[in-house]
Every structure is written in C-alpha cells, then in structure tokens.
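I have placed the structure first, in the form of structure tokens, so that the comments after it can refer back to it.
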Protein chains: 2
Amino acid sequence: MEMLELPQQQQQQRHHRIKVNLTNSRSSLASFGCDLKETFLPDDPFRDLKHQSGCGAACSLVKYFVPMLEWAPRYTLGKFRSDLLAGITIATLAIPQGISYARLANLPPVVGLYVSFVPPLIYGIFGSSMNLAVGNVAAVSLLLSSMIGSEVSASESPDLYMYLFFTAAFFTGVFEVALGIFRLGILVDFLSRSTITGFMGGTAIIVIMQQLKGVLGFKHFTTKTDVVSVLHFVFSHTSEWRWESVLVGVCFIGFLFLCKYVKAKVPRLFWVPAIAPLLVVVLGGVFAYLVHGEEHGIHIVGPLKKGLNPISITHLKFQSKYLSVLLKAGLVSGFLALSEGIAVGRSLAMLKNEQIDGNKEMIAFGMMNIVGSWFSCYLTTGPFSKSAVNFDAGCKTAMSNVIMSICMMLVLLFLAPLFEYTPLVSLAAIITVAMIGLIEYEKAHHLFKVDKFDFVICMAAFFGVIFFNMIIGLMVSVGLSVIRALLYVARPNTCKLGNIAGTDMFRDIEQYPDCVGIPNMLILKMSSPVYYANASYSRERILRWIEKEESIANKNGEELHYLILDMGGVTTIDNTGIGMLIEVYRNLERRHIRVVLANPRLQVADKLVLAKYIEMVGEEWVFLSVNEAVSACHFSLQESMTIAP
Amino acid sequence: MEMLELPQQQQQQRHHRIKVNLTNSRSSLASFGCDLKETFLPDDPFRDLKHQSGCGAACSLVKYFVPMLEWAPRYTLGKFRSDLLAGITIATLAIPQGISYARLANLPPVVGLYVSFVPPLIYGIFGSSMNLAVGNVAAVSLLLSSMIGSEVSASESPDLYMYLFFTAAFFTGVFEVALGIFRLGILVDFLSRSTITGFMGGTAIIVIMQQLKGVLGFKHFTTKTDVVSVLHFVFSHTSEWRWESVLVGVCFIGFLFLCKYVKAKVPRLFWVPAIAPLLVVVLGGVFAYLVHGEEHGIHIVGPLKKGLNPISITHLKFQSKYLSVLLKAGLVSGFLALSEGIAVGRSLAMLKNEQIDGNKEMIAFGMMNIVGSWFSCYLTTGPFSKSAVNFDAGCKTAMSNVIMSICMMLVLLFLAPLFEYTPLVSLAAIITVAMIGLIEYEKAHHLFKVDKFDFVICMAAFFGVIFFNMIIGLMVSVGLSVIRALLYVARPNTCKLGNIAGTDMFRDIEQYPDCVGIPNMLILKMSSPVYYANASYSRERILRWIEKEESIANKNGEELHYLILDMGGVTTIDNTGIGMLIEVYRNLERRHIRVVLANPRLQVADKLVLAKYIEMVGEEWVFLSVNEAVSACHFSLQESMTIAP
C-alpha cells in the first residue's frame, strides 16, 4: 500500500489548531552570539549595566571588578565588631596552620606566616566572597613540594627551592587571572564533586602519613608520598621511633578531638576548636622549652626570624630550565586551589543565600597570588577549615581577612621568635586532626548508593592519590568523568511512549506499564542531543524499535503506518544528526511508514527547516504535541480505510 | 509568609490521580548492566539467538561471524550474473587505481595489484556488506608514505620500506579486529561527517598536488605534502616542466571528465566512467610505446614482474626501533580506513534498505588486513569510488569481490608486464579526476547554512590537512568536535514555559510568544543531562530565572510561590547534579518558594529517591505533568488565601 496522505478536510480542520513555530526569530548569527554568551558569561555579570548612563555604568563596572567598593560604603560598626572577632579567631588558627603547611612543603616555617599577611589584604579588595578566609592548604603544599622537589632539592639549595615556589605561585596567579578574564570558570566545572571527594580523601591520607615523621620523631624522612613507600620506610626504621614524641603527639591529638567534640555539643563554643591549635602550639612550646625537648627526641621548629615579608619579586626564576616544571606546577596547583577555593566560597555563600561569581573569584585569587609571589608568599587560596571557622565566628565581610592580616603583621614584627620552640609533634597533631576531617566516608558511601559510576570516579581519585601520586589520581579521575560525559552524548536513551488511559498524556511504557500503545503507530521519545557522536547509534536504535513493533503488529495482523518522534526533549541537533533523521525517513518511506514529528524545540526546528528536513516530512506532519499527532494519524488512517475498502 | 502546604482535601483528591512511578523495578546492577549493553552492543547482535536451541544458537553464532554462510546457500545463477558483471567492472578500475595509489605510497606498482587479489577473497568470507568493493585508497596511501617515509627512505632501502608498509597493515588489522571484538565501533562514531568532509576535501587537494609530478613530468619531486611547499617546489623548478607530458595529461583529464559527463546524462552507461581509467592506461601505454615516451619526458611505470603475491609473513618487522612509528601509523590509518569503509558500506546499504553491523565490518576489515599483510599487501579498505562503481554495476553479494580477485589473479599471472609502459601521466590524470570528485563544495556550503560550528570543524580539518599535514588536520577537527560535545554537556539550555491559551499544553515562551505565564509560578523546562559539568551553571541559571521572575512579580505587586521544574527532558542525572538541585531547594526554601517536580523519568526519579531528594521535596509535590502541577499549586494557593485573609 502507499503511504497515507492527510485527507483534505483534516487539512482544513488542522488550520484551526495552533501552528508549530518553526521559524527562529533571531538570525543564526544572533543565536550564535547568544550561545557564546551563555557559555562564557553564564551569570550575565553586566546585566544591570544596561539600564545605566555611561558614567553610572563605568562606576558599576569598576564596582564589579573591585567588590570592596560594594560593601565598604555600607560598612558599619556592628559589622566591624563581628569581623574583628572573626579576624582574630582565624589569625590564631593561621599561625599553627601556616607553619605546619609550610613545613609540609619543606619551606622555612616563617613563610607560612607570610602567606597570611599580604594575600589577605589583596583578597580584601578584590574578593567577592564575604566568608572566605585566605591561607595556604595542605594538599597543594604537598603537591608543590613533590613537583618542585623533583627538580631542586630543598635541603641542598633551600633558597632556590623557595624562590621556585614563589615563581610557581606567580604563574598560578597569572593563570587564575587569565581564566577569570576569559570567563573560563567552565574549566573548573569539570572537577566533579566525586573527583574532589576522592581526591581530598586520598590527599588527607598521604598528608597524615607525612605526619608520622613528626609524631614518631624521625629526624629524616622519605621524600616519597605514596602510602606503600612511606609505610615501608617507617617500619624499616623502627629503631628511630621516639616514645616521648609519640606520647606527646597522642595527647595533643586527643586534646584537639576533645575540642571538636565540645563544639559539636555546644555550638556557641565555636571558638574552642578554633583556638585549640594555637593552644597546642603554645603549650607544646612551653613544654618543649621546659623539658629541653630536643634532648628527648621532641624536635622543634627552630629559628624564626622577626620582620615582615621580604620582597621576592627580584628572585622570581624564569630560566627555561625550570620553566616547564614551574608552568606545570602552577597550572595543576592553580586548578586545585581554584576548585577548593570556589567550592568553599560557593557553599558558604549558599548558606547565607548570597551569590558569588566564580570568574570574579578567580581574578581575586589570581591577584593575591601574583602580588603574594612578590612578597615571599607561595600559593594561597581559601582553605576549607579556616573559612569554616571564619563563617562560624560570624564574619560579615572580607574585612575579617584584613584583621587577620594585621594580627599577622604584629606577630611577624614582635612574636615570631617565640614560635621557634613549637614542637614538630604539635604541628603534626594539628595537621592530622585537620586532615581526618577531610575523609568523608559517608559521602563516598552515599555516592555508591546513588550512582555507581560516580563512586568509581571517586575511588579512582582516592586510590590514584594514595598509591601513585596526586596528579595521576586527579588525571585518571577527571579522565573518567570526561569519558562518562562523552558516553552520555554517545548513547542517548530513546523510549517508547504509550497513552495513559483516560488522559491525553503519553509516557514511557517502561515507567508506566499500564500505558497502552496505539495500534498502527510507534511513538518514540528522543532525548538530547542528536549528535554526530550518537547519530549512527540512534539510527540503528530507531530501526530496531521499528522492527520489533512490526513483528508485534504482524502477530496481531496489523500494520505499522506511523512513527511519531517526540522531539520535546531534544535541545540541540547537529548536521550528522539531521543526516541520520533523513536516512531514517528514507528507509521508512520504503516500508510505507510515515515519520511524524511532535513538539520540536526552537533551536532544533530552525535547523531542521534549514536542512530541508521539515520540507521532506511535510509541515502538515509536524505537530505541537504527541496527542495532536496521534489524533491526526488516526483520522487519516480511518479516511484511507473508508476510501479503500 | 510561610511556605504553602498542600491542604487536606487536595491531598485526598490527589489520591485519585495517577501516581508518578518513582521506583525503578530493575536493580541498580541490572540497569548498570543494561547501560553497558546499550553502550557496547547497541545493535543487540544476538537478539535472535535467544529463541533458539543450543545447536541452532551455535550455528547462527557462526553465521553471525561468517556472513558468507548467510548468503551462499541462497545464492542463485541470476545473482551470479550480476556479480560477474560488477566484478569485472571493478577489476578494470582496480588495475589503474591500484597502480596509481601504490605509486602515491612510493611502493612498487605491482603491490597495488596484489592488494586486489588476496584481501577481496577474505572480505568475501567475512564481509557483511553486499556492496562494498575492496581496495587501497589514496588518502591512507599518502598518509602512510609520509609517516613511514619519515623513518625509512623509499629510494635508499625500498625493500625495508615496503616491509614496513606490510607490518603497518598487520598492526592495523589487529587493531581493527580488536575494535570489532570489543565492540568499540563507538570510537569511529567520534569522526563526524563534518570532519570527514573536510578531511577528504583537504586530502583530495594535497593528493592532486602530488599529481603535478606526473602531469608536469618531473623526474624528482618534493617529499613534503603541504600545499605551500609543493607549490614552492613546483614553481622553483619550472625548468624541469615537460610540455609533452602536460599536453597528454590535459587530454586524458579531459577524456575522463567527458566519460563522467556521459554517465551523468545517460545513467545506464555507468560502465563508461568505470572502464575509462583502464582505457586511459591502455591508450597511454600504447602511445608511450609507439612514440618512445621516455625520450620525450613521458615517464612510464617501468618493470612489473609476473606472478602472484609473494609471501611476506616472514618479512614483517617487529624491531623496537620501528615499533612506535608503525603502531602510530597502524592506528591512525586504521581509524581512517574504518571510518571510510564503514561510512561507505552504511550509506550504500541504506540505499538498498539493508542493515550492516559496524563491529562485524571492523572484524572483516581486520581479517583482510592481517591476512593481506602476509601476502605483500598494504592497507586495504572499502574505497568510495570503487564501491560506488560496484553498486552501480548492480552487484548482489560480496561475490563480486571474489570475481575481481580472480580477474586480478589472471592479470598478475599473464598480463602484468604489459602495464609497464603505463605512463605516469595517465595515472596522474586518473587520480586527479577521482580526487576532484571528493571535494564537496556544496556539502561544505550546506554545513555553513545549517550549523556554523559544524562548518568550523569541517574547515579545521580541511585547512589543517592542506597547510600542515593529515594527522594535524584530523586531530584538530576531532578535538573541536569533542570540545563541542563537552560544551553541550556543560551548557544545557533551560527555558521558561507558559500555557497555550485554551489548551493544557505548556511550551517555551520564546518559541510561542503568545503563551501566558502563570501568576505566582515559574515553570522551567530542564534539559538533559544534569551533570557535574553543568551543575554550577544550572544552579546559577535557575536562580537568575527566579530573580528575574521575582522582580517582575514585585512590579505587579505579586509574589513568586512556586518553581515548577519540568524534568520530562532529563534522561540522566549524576550526583553533583542532584547536589545542585538540593542547593536550589535549600536556597528557595529560605525565600519561601516551593520547588515542584513534573514528570521525572525513571532513571532520574530512581536516583532522586535514593538521594532522598524526593523526600525533601515531598512526594505529594511530584506530578505526572506540568498541567497537574500547576492546578495543584493553584488549589493550595487559593486555600491559603481563604485561610489567611
């Protein structure tokens, strides 16, 4: 039999129904521009500029890049009081954390204090987050030390080693600013939560492993970071273990956990765990001083010289021999720093129902790293622990960072030398406790429950980090995530729709088993995108549906006359995709099955028209809804029956 | 005000409506397995095995891997007649093409004849396409010569050079079989039509450039392939041009175009362009013999020794020094060969309404290359020109390849020496004309019209090939395609829905401007996937919609109470995506806006339940359609009004 045509009266009748809008009002160029905008300015940062005069626009443009001008004018004494408290609290945390992480990077301890002086000032000006606290982080410190350490030994040429850190920070800064200006926040989006969870967990483990040096009182320690070699080293040098150190370490760890517990019980005592690390440092220092710890295997930090950050801009090393490793280090650590910083900023902002702009944050981080690198600071970002404390302490604006920076200045000018008695073991205890907080079992378990693939991605990062190194862990995990995204594009799911009895709704028959299929018709819901990567798959899938339906129909002595494609879910289509649709049409034409389209979206309809596909199908066979399509098919079917008996 | 609760009677009432099915009947493992199947066995090759007994299943399994067993039993004399004609036609084409492409690869001309003897036999057994004709192709020949030529010079050590070609073919074969067995046809899908169009066009250009050697009668020629250096070479050696050669070349090219034209006018004369190349070779040969062409700058092919393919299995080179380049060559050329072969097979099958199985084809190609490499054949695939001729000649089964192979055997045994007088210029003419057919302006123009990005991808391949080299062109183009696919995943579009007056349909207000928004509600259509790569984007996009709506509502003195998310188009969601939804929910909760879900798909609903998101939203706020959601919201809104006046 021939393919069924839509009878006259039906055609007339259908002139009354709402026509499907197939013509895109915007020019292809305009929509292309709009796509670009959606891609790189998703948050439409300049949306309020449009309604302003030139001067006003200029002024709010400056405001956009210097958020300080936003909040400074509206700054009140009340806010200052909260910021002051918060600032002092995080300063007390900044001292021990700074020193410990600096040691983790094999840098002179005082550098860890420097990073909490200059960068916070810069962030105070450019930062758009009101809750973030600036500082160095364990993961990146360890990463940098392993990367730069592979090039230059920290023990042989400590100065060069340190300068390379500053240079790497400079590169990171430039990289971050560039990302921000070119609106490439999108890149950071490709670090999924699963990846970050796994990566953080793994890093926590290897950082804790490094702390065995402090806790067990080793004088020298392996430079490797992977669990196996560290454990092997530790247990092959049991003779060097010092029980005094272990004892003190365990006490401190216990104490720190106790403080956390207190806060968990009585939230308003948030400051207890916040200042606990400083206490541990001070007590430890006093103790070490009194009992002459050095003689009993309780090693101390050693000389910390007074004075503010020395200027290091002249020491930045751009020689080609270091360039490649520095660029690599800058890039990777920059990614990590950004992802942690932005994630932290976002989640805290969410709690206060504020918005923060990822790209703006990137510029702020970048500025603070660039300027930092000129004043003996290595990579800084928004560490979670510190920012959380800042938030709990009730900070109101970025002013709390400025306060911290001022406190730090005082410390550097007057108190620094006091900290030279700080026992390494207390630093180890502080890091260990901080890191244990980063291992999120329940989150991993949640991933496992909800999405197996996410769990695999997470575990890839975790085991990659603990058994190989941080970069491998990260790369493998990101690689898997990308493959998954591509697989999604390559294998979109199509499902058969049936009518829900008594309604005009059509739903997936797998989901609603009591849906009834319509005789002589096959209704398929396509899903987005119809793309080069899935074109041949989709074609074969559709033809397989047809075959199946035909065989069923033939059993019931029926024939399949219509394929109704519900395009409602297809948001984009490319040329190969359209080619696929055309092939399907041609193929079905030979089997006398008519293709009918329901509810094509604008962007798609537009392309289908341009590619003459709509012309091919016939505009009268494009409907606004599956329901209309079905009734039209019914009608023409009956017509043909009555005509040809 | 507080968030609106769904009043009692409404709750009762709603027990009558169809419940949304949120519970996935399949276990997560089962669905995971099903996803795997969809990914790697999309065509479900063994679907008819299920209904068979053990023996029957085994037999049809063998049939599956050896398609010959499918058609051989049903082979008739009538079919044989058609295949015989087709076979002879493609054989006449195979001789000149084989020789020319072999020369393009700097291989002894006779190798070009070998490739049409052994491989077709193998393909006859394993090939699932009834239209494909086997042979060597220009693009890959040139690619291989440039890759292997960089390792070993063809002129200095011709034998080694040749053996490396065989070895590369062996690797390609193994690679193809592996892809086929592990069902990785999906990889080939990532070569989009746009890429292939651009790549083919570019290759055609550089191949034609190579022909300038033959046409202008150069004795020596540059080894570079990019347009710039070839042209530079040609015009810096004008002294070596030979007018006789040019004259003959122009005549031949004119003749070949004439033949194409004849066919275009009178389709039943399909054989005219098919045998034209052989004519050109024969005429050219006779002419060259009579006028002693060599003396007048009309260079000839030179000695062609009689005899069948010598066995080369013992000559395959697996030394480590060549391994890397050979593996690379095998891989890249394999990809190209597959993509061309499978594309050709598919498009021809489409015309006859047959199905071919990409993965099965891969195995067939692989087998023929492996065996070929043992008998002095280099890479073979299904070239478009030859296959098209085969199709036009009315081939019925793969038998036509066997016929060709037999003809070839006769040629090799008896006629080979005759071809040594073949002038290079006639080969050049043949290639040139064949290649010009591969440059598809109108297709590129079509791409430009329909999809700018596809056009960019196409042009990247084109210019990459002509100005740099084939690999760069291919890589850049594929890279762009992948980035595009990722960008799609990273920036899904969300649109606001409005009600089409007088219906219960809700459509994109941008597409249907006369849709009316519902007061106090914002209806957003999400699109798939909701993924880690777009989570933060989607969150900010949704919140921006909310802000916009609220500002509008406030102008009209209204309030926004509901956000209705139409999940109908979301086919998959991952953990980060769910996290995003939760954050949105929390954020809106603070603004007293209730989130309502409409029509979640099975796979998605399943995850949302597991992640406790449905619990959070409240199951009574999940509806089967936007319409139901809206009416329920209306109802509870009125209730609250009447309650609190």
Rounded distance [0.5 Å steps], [atom1] in [X] versus [atom2] in [Y]:
| X | Y | atom1 | atom2 | result |
| --- | --- | --- | --- | --- |
| B:Phe448 | A:Asn575 | CZ | CG | 13.0 Å |
| A:Gln511 | B:Asp606 | CD | CG | 10.0 Å |
| B:His446 | A:Lys612 | NE2 | NZ | 8.5 Å |
| A:Leu602 | B:Cys495 | CG | SG | 9.5 Å |

request  = Apply side-chain contact (heavy atoms from CB on, under 4.5 Å) to A:Leu624 and B:Ile500, showing your working.
outcome  = CA-CA 11 Å; A:Leu624 192 58; B:Ile500 294 183; 3.5 Å; yes
task = Using non-hydrogen atoms and a 4.5 Å limit, figure out which bit of A:Thr195 sits close to chain B: side chain, backbone, both or neither.
result = neither
remark   = Residues at least two apart in sequence or cross-chain that pass salt bridge (charged side-chain N to carboxylate O under 4.0 Å, His left out) with A:Lys496, listed by chain then number, are A:Glu549
side-chain contact (heavy atoms from CB on, under 4.5 Å) between B:Asp504 and A:Asp504, intermediate numbers included = CA-CA 10 Å; B:Asp504 55 8; A:Asp504 55 8; 3.8 Å; yes
inquiry  = Among B:Thr572, B:Asn599, B:Val489, which residue has the highest count of heavy-atom pairs closer than 4.5 Å to chain A?
reply    = B:Asn599
inquiry  = When you compare the side chain of A:Thr571 with that of B:Tyr488, does any pair of heavy atoms fall below 4.5 Å?
reply    = yes
ask   = Is B:Tyr532 close to A:Ser481 at the side-chain level, that is, under 4.5 Å between some pair of heavy atoms?
value = yes
task = In plain terms, say whether B:Arg601 and A:Asp508 are close enough for a salt bridge, that is, a side-chain N and a carboxylate O under 4.0 Å apart.
result = no
Considering only heavy atoms and a distance below 4.5 Å, find which of [options] pairs most often with chain B.
| options | result |
| --- | --- |
| A:Lys525, A:Arg507, A:Met526 | A:Arg507 |
| A:Gly568, A:Ala535, A:Pro529 | A:Pro529 |
| A:Asp454, A:Val482, A:Ile578, A:Leu447 | A:Asp454 |

task = Using the test side chain to side chain donor-acceptor pair (under 3.5 Å), find all partners of B:Asn499 that sit at least two apart in sequence or belong to another chain.
result = none
request  = Identify which part of B:Ala533 has an atom lying under 4.5 Å from any heavy atom of chain A, answering side chain, backbone, both or neither.
outcome  = both
remark   = All heavy atoms of B:Lys607 vs all of A:Val450, minimum pair found to be CE-O, 3.5 Å
Worked verdict on A:Met505 versus B:Asn627 for side-chain contact (heavy atoms from CB on, under 4.5 Å) = CA-CA 10 Å; A:Met505 286 187 280; B:Asn627 193 33; over 6 Å; no
